[in-house]
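Please read these numbers as outputs of a predicted model, since none were measured by experiment.
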Amino acid sequence: MKRPDFTRTLIAPSVLAADFANVGAECRAAAEAGADWLHLDVMDGHFVDNISFGSGICEAVDKVTDLPSDVHLMITRPDHYLARFLPFASNITIHVEADCNVGATLARIREAGCGAGISLRPGTSFRLIEPYLDQIDLVLIMTVEPGFGGQAFMPEMLQKIQAAAAARSERELAYHIEVDGGIYAEQARICIEAGANIIVSGTGVFGQPDRRTAIAALRGGEG
């Protein structure tokens, strides 16, 4: 598998914030506005206190643009449901807190030719994901408690971004550092400064009247 290029800042609008009555058009508009990936938050109502969508929406999104689909499985048993998402995903991220063999599940993702990601809740110590850092292509730092959009960014999570960047350098690894939760242009700036290179934003893109300007601002450019 090709090693990730973490030297570029990528913008991954969260489809959870799109207008689901027009989700195909929304995703195409994000692509045309300069998005690099599309982020898909799958929630089962058990691992987090919300239900979002399943593999059918992921399949539909995959059909309407050529952008990579970045699937975040906020579900209790990602190992059980994994096969349903693999055909429509470029990356699949699972949680270290999930009720499964995390290492074996990450291995299955990579064996399928998909990028493998590991994530953790804000209250979970970064130390819990350290054993998996040489098995992944992406670390997702949640900057809000996962489950709902519209929450305020938690600045104390910058320490985890810095820890992920330090571990990558010290262990000579190559993985993306992605951040998700309450991120607009200012939050994106400080996350990038801390070491993140993938910015997930829902209302920061889909909730804006000029999405091209919003994406440019998240990337750190002029609108």
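Under a 4.5 Å side-chain heavy-atom cut-off, the cluster of Ile, Leu, Val, Met, Phe, Trp and Tyr residues that includes Met142 is completed by Leu10, Trp37, Leu138, Leu140, Val144, Ile198.
Val139 and Val200 fall into different hydrophobic clusters, where Ile, Leu, Val, Met, Phe, Trp and Tyr residues are linked whenever their side-chain heavy atoms come under 4.5 Å apart, directly or through other members. Both Ile92 and Tyr175 belong to a single network of hydrophobic side chains, linked directly or stepwise wherever heavy atoms of I, L, V, M, F, W or Y lie under 4.5 Å apart. Hydrophobic clustering of Ile, Leu, Val, Met, Phe, Trp and Tyr side chains at less than 4.5 Å, counting indirect connections, keeps Phe206 apart from Leu16. Residues Val42 and Phe20 share a hydrophobic cluster, clusters being chains of Ile/Leu/Val/Met/Phe/Trp/Tyr side chains in contact below 4.5 Å.
Between Ile183 and Ala188, the shortest heavy-atom distance links the atoms CG2-N, 3.7 Å. Residue Ala89 comes nearest to Cys114 through the heavy atom pair O-SG, 3.6 Å, listed as atom of the first residue, atom of the second, then distance. Summarising the geometry of Glu97 relative to His95, their closest heavy-atom pair is OE1-ND1, 2.9 Å, with the distance given to 0.1 Å. Nearest approach of Val48 to Pro146, heavy atoms of both residues: CG1-O, 3.5 Å. The minimum heavy-atom distance between Ile136 and Gly117, with the atom names listed, is CG2-C, 4.4 Å. Between Cys27 and Leu38 the shortest heavy-atom distance is CB-CD1, 3.8 Å.
Looking only at distances, no side-chain donor or acceptor of Asn197 sits under 3.5 Å from a matching main-chain atom of Thr7. Although no hydrogens or angles enter the test, the distance criterion places no donor-acceptor pair under 3.5 Å between the side chain of Asp41 and the main chain of Ser14. Remark: the backbone N or O of Phe153 is not paired with any side-chain donor or acceptor of Gln187 at under 3.5 angstrom. Side chain of Ser52 to main chain of Met43: a donor-acceptor pair is present (N/O by atom type, distance under 3.5 Å, no hydrogens or angles).
Distance OG1/Thr93 to CG/Asp137: 9.0 Å, rounded to 0.5 Å. The CD atom of Gln135 lies 10.5 Å from the OG1 atom of Thr105; values are rounded to the nearest 0.5 Å. For the atom pair SG (Cys100) and CG (Leu82), the distance works out to 9.5 Å, reported to the nearest 0.5 Å. Atom-to-atom distance recorded for Ile75:CD1 and Phe47:CZ is 9.5 Å, nearest 0.5 angstrom. Between the CD1 atom of Ile129 and the CD1 atom of Ile141 there is a distance of 5.0 Å, given to the nearest 0.5 Å. A distance of 8.5 Å separates NE2 of His46 from CG of Asp99, quoted to the nearest 0.5 Å.
Heavy-atom neighbours of Asp210 CG from other residues, nucleotides or ligands within 6.0 Å: above the threshold of 12. Annotation for Tyr81: atom OH does not count as buried by contact number, only 12 or fewer foreign heavy atoms lying within 6.0 Å. Summarising the local packing, CD of Glu145 is surrounded by more than 12 heavy atoms from other residues, nucleotides or ligands at distances under 6.0 Å.
Using a 4.5 Å heavy-atom threshold, the side chains of Pro122 and Thr143 count as separate. Using a 4.5 Å heavy-atom threshold, the side chains of Phe6 and Ile177 count as separate. Residues Leu120 and Leu128 form no side-chain contact, since every pair of their non-hydrogen atoms from C-beta on lies 4.5 Å or further apart. Proximity of Phe53 to Leu40: side-chain heavy atoms (C-beta onward) are separated by under 4.5 Å at one or more points. Considering only heavy atoms from C-beta on, Ile215 comes within 4.5 Å of Val205 through its side chain. Residues Ile94 and Ile109 meet the side-chain proximity criterion, which asks for heavy atoms closer than 4.5 Å.
With sequence neighbours left out, the side-chain hydrogen bond (donor to acceptor under 3.5 Å, both in side chains) criterion links Thr203 to Tyr184. In this view, Ser125 satisfies the side-chain hydrogen bond (donor to acceptor under 3.5 Å, both in side chains) rule with no residue, not counting sequence neighbours. For the side-chain hydrogen bond (donor to acceptor under 3.5 Å, both in side chains) test, residues two or more places apart in sequence or in another chain that qualify with Asp79 are Arg77.
Note on residues 160-172: no pairs pass side-chain hydrogen bond (donor to acceptor under 3.5 Å, both in side chains), not counting sequence neighbours.
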| task | Would you sort out whether Ser119 and Val96 count as a side chain to side chain contact (heavy atoms under 4.5 Å, CB included), showing the intermediate values? | result | CA-CA 6 Å; Ser119 187; Val96 72; over 6 Å; no
| message | Let's go through Phe126 and Gln159 carefully: what are the C-alpha distance in whole Å and the side-chain angles of both, what is the deciding distance for side chain to side chain contact (heavy atoms under 4.5 Å, CB included) to 0.1 Å, and is it a yes or a no? | response | CA-CA 9 Å; Phe126 184 79; Gln159 296 176 6; over 6 Å; no
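Checking Glu178 against His176 by side-chain atom types alone, no donor-acceptor pair falls below 3.5 Å.
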List the atom pairs, with distances to 0.1 Å, where a side-chain N or O of residues 54-70 and a protein N or O form a donor-acceptor pair under 3.5 Å, not counting sequence neighbours.
{"unit_1": "Thr65", "atom_1": "OG1", "unit_2": "Leu67", "atom_2": "N", "d": "3.0"}
{"unit_1": "Asp70", "atom_1": "OD2", "unit_2": "His39", "atom_2": "ND1", "d": "2.8"}

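The pair Arg189-Glu186 meets the salt-bridge criterion, with a side-chain N (NZ, NE, NH1 or NH2) lying under 4.0 Å from an Asp/Glu carboxylate O.
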